[in-house]
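Working notes for the structure below.
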Amino acid sequence: MSISVPQSTLDELNTRQALDYEEHFDSWVQWALTFGKHPERVEGLSEQTMDVRAYRVDKFYRWVWADEGYTTSVSHEHADAYLKHLAYGDYSGDHRANTQKALRTLYKWRTHEHDWSPWEPSLTFTNPNQTSTPREFLTREERPRIRDAALDYGSIPHYNSVSPNERDRWNAYLAQRYGKTKGSVTRDDWRRANGWKIPSLVSVSLDAGLRPIEVERARTGWVDLDNRVLRIPKDQASKSQDNWVVGLQSRTVEMLRRWLEQRPLVDLYEDTDALWLTREGNAYGSHALSYLLDELCDIAGISTENRQLSWYAIRHSVGTYMAREAGLAAAQMQLRHKSEQTTMKYDQAPVEDRQDALERMG
């Protein structure tokens, strides 16, 4: 199977534009066929999958050209505008969800090959044809892989995406971090610097089992680094009438400490005490968090085929393993349940425990 630019698209371009677009398009396709599924494992997408995604991405480029003229520099803003176009248009849920997957492949290539910052869509579509599965949680083996994947997920702004004033503050921070003068900070320093927003958000969620609404409501005042806890006021804790004190790992506390040091350098946080915001300055909602988890699973090499993993998969894993390790009372406090009956659903042996038992039974 040969994946090439549709002739109808080439017919709309002049000779030089057509040659330029063909080269650009082919570079993306070849990368996706080799690396598009799991770049770190050199695992690509199938030709059948890419044939469909290439068609959808080509439609996206033509949509941009209709408004702005020919370009291959399609930005995150272009992609977000296209998703909004699909949301308002007469398109099926299947088309919207599959187009978003195709665009994710395009911007993943931009990130890995052209050092762009990761794309965080302003809208998230789900495939309505996917069948529901029973509630799922991350396994014990998957939890540390997700935590480690968050360290690979770059959250420091791209050098070209910040204002001169903000870039100057980041240069000062990197100079202090790497023990050099501000004037000697280079773009290579920017590339090797991993921001701590995503690692801290993910690590806190893995410890505290944060609900999406709690990620959205999280404030800097919740963080008590000295005592290694989150202190969640009752008026900000979901489904609660009590203040909650939630324990954190020392590793998580260190990630939070580093993020709180970086956070003032970002203009988005100038007039808010929100602990985490998306790159657009919005609070993280369920769709954005599900997208993030999907990206982390991709980085970690965790298959999501035949699974319906939402952000609650992290919370359910906390309840399952906390109940197993420390009992239901500890799980109830860590998950901030008012009733112990709510926590009782975690009083069950995970499937791997039952498999081990069968092996022992012979």
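No hydrogens, no waters, no symmetry mates; every other heavy atom, side chains included, goes into these values. Being a predicted model, the structure only gives us computed values, none of them experimental.
To the nearest 0.5 Å, atom OG1 of residue Thr34 and atom CG of residue Leu45 are 10.0 Å apart. In this structure, CZ on Arg169 lies 7.0 Å from OG on Ser163, to the nearest 0.5 angstrom. Atom NZ of Lys101 and atom CZ of Arg53 lie 6.5 Å apart (nearest 0.5 Å). We find the CH2-CD1 distance between Trp311 and Ile213 to be 14.5 Å, quoted to the nearest 0.5 Å. Atoms OG1 and CG, from Thr124 and Asp294 in turn, are 9.5 Å apart once rounded to the nearest 0.5 Å. Taking CD1 from Ile232 and CD from Glu214, the interatomic distance works out to 5.0 Å, rounded to the nearest 0.5 Å.
Between the side chains of His24 and Ser27, no donor-acceptor pair of N or O atoms lies under 3.5 Å. Residues Ser200 and Trp276 bring a donor and an acceptor atom of their side chains to less than 3.5 Å of each other. Side-chain contact, Thr9 with Arg62: a donor N or O sits under 3.5 Å from an acceptor N or O.
No donor-acceptor pair under 3.5 Å is formed between the side chain of Asn227 and the backbone N or O of Val229. Listed for the Trp259 side chain is a donor-acceptor partner under 3.5 Å among the backbone atoms of Leu275. In this structure, Arg231 contributes its side chain and Asp224 its backbone to no donor-acceptor pair below 3.5 Å. Arg56 places no side-chain N or O within 3.5 Å of a backbone atom of Leu103 that could act as its donor or acceptor partner. In this structure, Asn98 contributes its side chain and Asp94 its backbone to a donor-acceptor pair below 3.5 Å. Here the side chain of Arg96 pairs a donor or acceptor atom with the backbone of Ala87 at under 3.5 angstrom.
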Candidate pair Thr220 and Arg263, rule side-chain contact (heavy atoms from CB on, under 4.5 Å), full reasoning: CA-CA 10 Å; Thr220 55; Arg263 184 180 169 281; 3.6 Å; yes
Worked verdict on Lys108 versus Asp298 for salt bridge (charged side-chain N to carboxylate O under 4.0 Å, His left out): CA-CA 11 Å; Lys108 188 184 294 185; Asp298 194 28; 2.2 Å; yes
Criterion salt bridge (charged side-chain N to carboxylate O under 4.0 Å, His left out) on Arg257 and Glu261, from CA distance to verdict: CA-CA 6 Å; Arg257 188 187 308 278; Glu261 290 174 355; 6.0 Å; no
Trace of the side-chain contact (heavy atoms from CB on, under 4.5 Å) decision for Val223 with Leu248: CA-CA 10 Å; Val223 181; Leu248 301 173; 5.8 Å; no
Trace of the side-chain contact (heavy atoms from CB on, under 4.5 Å) decision for His112 with Phe35: CA-CA 10 Å; His112 284 266; Phe35 300 100; over 6 Å; no
Verdict with supporting geometry, Arg187 and Asn160, side-chain contact (heavy atoms from CB on, under 4.5 Å): CA-CA 10 Å; Arg187 292 196 182 196; Asn160 293 327; 3.6 Å; yes
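What you find for Tyr269 and Leu277 is that their closest heavy atoms are OH-N, 2.8 Å. Residues Ile299 and Ala149 approach most closely at CG2-CB, 3.8 Å, considering heavy atoms. Nearest heavy atom pair, residue Ile198 against residue Tyr284, reads CD1-OH, 3.6 Å. Of all the heavy atoms in Glu166 and Asp267, the pair that sits closest is OE1-OD2, 3.1 Å. Contact between Gln100 and Pro121 at its shortest, heavy atoms only, is OE1-CB, 4.2 Å. Looking at every heavy atom in both residues, Ala150 comes nearest to Pro199 through O-CG, 3.3 Å.
The closest side-chain heavy-atom distance from Asp58 to Val5 is below 4.5 Å. Under the 4.5 Å side-chain criterion, counting only non-hydrogen atoms from C-beta, Leu33 is in contact with Glu47. You'll find the side chain of Thr105 stays beyond 4.5 Å of the side chain of Val57, heavy atoms only. When side chains are defined from C-beta on, Met255 does not count as touching Val202, because their heavy atoms never get closer than 4.5 Å. In this structure, the side chains of Thr111 and Trp119 stay at 4.5 Å or more apart for every pair of heavy atoms. Between Trp109 and His114, some side-chain heavy-atom pair lies under the 4.5 Å cut-off. You'll find the side chain of Thr252 reaches within 4.5 Å of the side chain of Arg147, heavy atoms only. Residues Thr71 and Tyr61 have side chains not in contact (no heavy-atom distance under 4.5 Å, counting atoms from C-beta outward).
Between Arg251 and Asp148 there is a salt bridge, with a side-chain nitrogen of the basic residue lying less than 4.0 Å from a carboxylate oxygen of the acidic one. A salt bridge does not link Asp207 with Arg228: every distance from a Lys NZ or Arg NE/NH1/NH2 to an Asp or Glu carboxylate oxygen is 4.0 Å or more. Arg104 has a carboxylate O that lies under 4.0 Å from a charged side-chain N of Glu295, or vice versa, which qualifies the two as a salt bridge.
The aromatic rings of Tyr70 and Trp65 sit tilted, their planes meeting at an angle between 30° and 60°. Phe60 and Tyr82 have tilted rings, their planes meeting at an angle from 30° to 60° on a 0 to 90° scale. Ring geometry for Trp116 versus Tyr107: interplanar angle of 30 to 60°, hence tilted.
Under the 4.5 Å side-chain heavy-atom criterion for ILVMFWY residues, no single connected hydrophobic cluster contains both Tyr55 and Val29. If you chain together hydrophobic residues whose side chains sit under 4.5 Å apart, Tyr88 and Val64 never meet in one group. Hydrophobic cluster membership is shared by Leu225 and Leu210, with clusters built from Ile, Leu, Val, Met, Phe, Trp and Tyr side chains linked at under 4.5 angstrom.
Counting non-hydrogen atoms of other residues, nucleotides and ligands closer than 6.0 Å to CD of Glu280 gives a total above 12. Few gaps surround CD on Gln7; more than 12 heavy atoms of other groups in view lie less than 6.0 Å from it. By the neighbour-count criterion of 12 heavy atoms within 6.0 Å, atom CD of Gln176 is sparsely surrounded, having that number or fewer from other residues, nucleotides or ligands.
Under the ring pair (Phe, Tyr, Trp, His ring centres under 6.0 Å) criterion, Phe25 pairs with Tyr21, Trp28, not counting sequence neighbours. For the ring pair (Phe, Tyr, Trp, His ring centres under 6.0 Å) test, residues two or more places apart in sequence or in another chain that qualify with Tyr91 are His85, His95.
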